[in-house]
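We count ligands from 1, going down the list as the structure has it; atoms in each ligand are counted the same way. Nothing fancy with the numbering, it's 1 onward along the sequence.
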Amino acid sequence: MDAAARAGATLTIDLNAVAANYRQLRDMLTPGTICAAVVKADAYGLGAAPVGLKLEAEGCRHFFVASVDEGLALRHTFEDAAPGHVSEIFVLSGPTASSAACFADGWLTPVLNTLEQVAVWQTFAGEAGRPLAAALHVDTGMSRLGLTADDFAALAAAPDLLVGILPRLVMSHLACADEPDNPMNRQQLVAFEALATRFPGVTRSIANSAGVLLDPTFHLEMVRPGIALYGPEPLISRERKLSQTVVIKSKILQVREIDLPQTVGYGATHRAAKPTRIATVPVGYADGYPRGLSNAGFAIVDGVRVPVVGRVSMDLITLDVSALPSARCGAGTEITLLGNGVDIDELADAAGTISYEILTHLGRRYHRTYLGAVDPRPRGAARP
Ligand SMILES: *Cc1c(COP(=O)(O)O)cnc(C)c1O
């Protein structure tokens, strides 16, 4: 019995859909504007190596990750496939005195978020004896990462602080881009544009996925989409235009016929009052299926939408399949838990969360299959 058949559930990741989404976003930009790709958190759970290689093959040359370890792993993936550091990898969390050498080893570009990080990177560049590239992040409304506007201005006014550093990018991050009518979007853009004039000629970037869709004034010289590459719609209330990338399928383990009033699952939170057929499926919160979908989720069996009833357990969920005759729904019947009609944004809403959390929590027990994967060794280089 092969691994796919043994697994309780399968996860299919369509890299051609990721590539199509990348093209869709890039085609919205004026020529010359860079479409980077955010592949932090293992490309939002889809796999930073296969996603990174696919996007590189699509012509993407600028990648963002959260941590230095994510950056090193992605650099190894790229170098294994085709040595030569053709892509720039930005690390959003910036360097520390002890991690600076790892950045240099991995040809990683730090995003400098504080004056301390600027000083660390400058000291390291001095020791390395060569100027080193960096991005400068200025906070315009997140109060999370980034230099304050005052620190940013102080930096621009004191060129000494940047000797040895090559500012490659100035960036900021939108707080409310998923709400197109929120006035904060334009306020942040205006503030950022004013601050960025202090670094004339340096590439500017403020737009995440939602920012790309807001309007072209947000594109500047580089955009940084993440979630849109992976299929969810970034703007609240936009019709679905992006390609779906993820499908989760499983098979029914057992069907329980209930004819007496009877409860379902932990806590007895669901009570079947009339004759009911309950299908048990081997996926649970340990697989990243949100526990918030208890009595709220849904799946598709043979084209019919059926509700999750009772609580989501660690390894199991229960579905009310009374709408289907037993001939169409028994042990072994295939069911779809995500994709192919189970919309990720709708499911996330039902769970009281966002698509980002569903994707980044995709579990490790699924049998994973990639469609459209790029051969990691296109030049046919022999393994040593
Ligand atoms: C995660 C992140 C992005 C991508 O955001 P999406 O909403 O997924 O497009 C862009 N920029 C920064 C700084 C981020 O942290």
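Comment: D215 engages R186 in a salt bridge, judged by a side-chain N to carboxylate O separation of less than 4.0 angstrom. Using a 4.0 Å cut-off between a side-chain N of Lys or Arg and a carboxylate O of Asp or Glu, R168 and E221 do not qualify as a salt bridge. Comment: R23 engages E58 in a salt bridge, judged by a side-chain N to carboxylate O separation of less than 4.0 angstrom.
Side-chain contact check for S322 and R277: no donor-acceptor pair (N or O, by modelled atom type) lies under 3.5 Å. Remark: the T280 side chain and the Q254 side chain contain no N/O donor-acceptor pair separated by less than 3.5 Å. Residues T12 and R368 bring no donor and acceptor atom of their side chains to less than 3.5 Å of each other. Under 3.5 Å, the side chains of D139 and S172 contain no donor-acceptor pair of N or O atoms.
With hydrogens left out, the protein atom closest to atom 8 (O) of ligand 1 is Y44 OH, 2.5 Å, a heavy atom. The closest protein non-hydrogen atom to atom 11 (N) of ligand 1 is R224 NE, 3.0 Å. Regarding atom 5 (O) of ligand 1, its nearest protein heavy-atom neighbour is N208 CB, 3.4 Å. Scanning the protein heavy atoms around atom 7 (O) of ligand 1, the nearest turns out to be Y356 OH, 2.6 Å. At the shortest separation from atom 9 (O) of ligand 1 among protein heavy atoms lies S209 OG, 2.5 Å.
Nearest-heavy-atom check against atom 2 (C) of ligand 1 across K40, M142, H173 picks out K40.
Where the criterion is an N or O separation shorter than 3.5 Å, residue side chain and backbone included, A228 fails it with respect to ligand 1.
Contact atoms of ligand 1 toward M171: 13 (C) (distance under 4.0 Å to a heavy atom of the residue). Taking a cut-off of under 4.0 Å to the non-hydrogen atoms of R144, the atoms of ligand 1 that pass are 15 (O).
Residue contacts with ligand 1, taken as heavy atom pairs separated by less than 4.0 Å, involve P225 solely via the backbone atoms N, CA, C and O. Heavy atoms of L92 found under 4.0 angstrom from ligand 1 belong exclusively to the side chain. Contact annotation for I227 and ligand 1: heavy atoms of both the backbone and the side chain come within less than 4.0 Å of the ligand.
Contact detail for E56 and R61: the closest heavy-atom pair is O-NH1, 2.9 Å.
H137 does not count as a contact of ligand 1, since none of its heavy atoms falls under 4.0 Å from the ligand.
For the pair R311 and Y266, the cation-pi criterion (under 6.0 Å, within 45° of the ring axis) is not fulfilled.
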